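I have placed the structure first, in the form of structure tokens, so that the comments after it can refer back to it.
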Amino acid sequence: MMKTHYPLSTVDKQLGYELLAKNSIDCMPVRLPKIESTNEYGRAVEASLVDCPSDAMTAFELANFLIGRLEARSYIRKAHFIANI
């Protein structure tokens, strides 16, 4: 989805990831679709290393997802696309 709709910015982000990957910094880059500012919560979140699973993500679910992944460290040094499904 992201590669189809935003090919240039997706390439730029991939190049940015490659620079980070050459470093020893514990980082957790994520690639996002449009972020919706809403009080809605409880929507499922999907992550993919290949492409964005949908075209939107709520701010609440983004924060919740990132906090959980920082504690688990399962996404450190990877660059996932994340979105609500």
Side-chain angles (χ1 to χ4, degrees):
M1 183 169 290
M2 294 294 281
K3 291 177 183 179
T4 301
H5 295 294
Y6 309 101
L8 296 177
S9 65
T10 301
V11 169
D12 286 346
K13 290 177 185 189
Q14 183 62 35
L15 292 173
Y17 167 72
E18 290 171 9
L19 288 172
L20 287 171
K22 292 177 185 176
N23 247 303
S24 60
I25 299 169
D26 278 351
C27 60
M28 188 178 72
V30 293
R31 298 176 279 185
L32 302 164
K34 176 180 72 171
I35 299 173
E36 299 174 338
S37 181
T38 177
N39 292 334
E40 182 181 346
Y41 62 91
R43 293 174 58 186
V45 175
E46 186 171 313
S48 169
L49 287 170
V50 179
D51 202 359
C52 199
S54 77
D55 62 355
M57 177 90 183
T58 65
F60 178 88
E61 296 298 348
L62 171 60
N64 199 28
F65 180 87
L66 292 176
I67 290 167
R69 293 307 171 265
L70 284 172
E71 291 173 353
R73 299 187 54 83
S74 58
Y75 283 50
I76 299 295
R77 303 193 53 78
K78 298 176 184 172
H80 288 77
F81 289 98
I82 61 173
N84 289 119
I85 54 168

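Please read all numbers here as calculations on a predicted model, not as lab measurements. By convention here, the first residue in the shown sequence is residue 1.
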Checking the side chain of [X] only, and the main-chain atoms of [Y] only, is there a donor and an acceptor separated by less than 3.5 Å?
{"X": "R77", "Y": "I25", "result": "yes"}
{"X": "N84", "Y": "V45", "result": "no"}
{"X": "R31", "Y": "C52", "result": "no"}

**Prompt:** Taking C-beta and beyond as the side chain, do R69 and K78 meet within less than 4.5 Å on heavy atoms?
**Reply:** no
**Message:** For a 4.5 angstrom cut-off between non-hydrogen side-chain atoms, does I82 reach E61?
**Reply:** no
Measuring from atom [atom1] of [X] to atom [atom2] of [Y], what distance do you get when rounded to the nearest 0.5 angstrom?
{"X": "K34", "Y": "M57", "atom1": "NZ", "atom2": "CE", "result": "13.5 Å"}
{"X": "L32", "Y": "D55", "atom1": "CG", "atom2": "CG", "result": "12.5 Å"}
{"X": "D51", "Y": "F81", "atom1": "CG", "atom2": "CZ", "result": "5.5 Å"}
{"X": "T58", "Y": "E40", "atom1": "OG1", "atom2": "CD", "result": "6.5 Å"}

**In one Ile/Leu/Val/Met/Phe/Trp/Tyr side-chain cluster, 4.5 Å: Y41, I35** = no
**Message:** For S54 versus P33, what's the shortest heavy-atom pair and its separation?
**Reply:** O-CB, 3.7 Å
**Prompt:** Which of parallel (below 30°), tilted (30 to 60°) and perpendicular (above 60°) describes Y75 and F65?
**Reply:** perpendicular
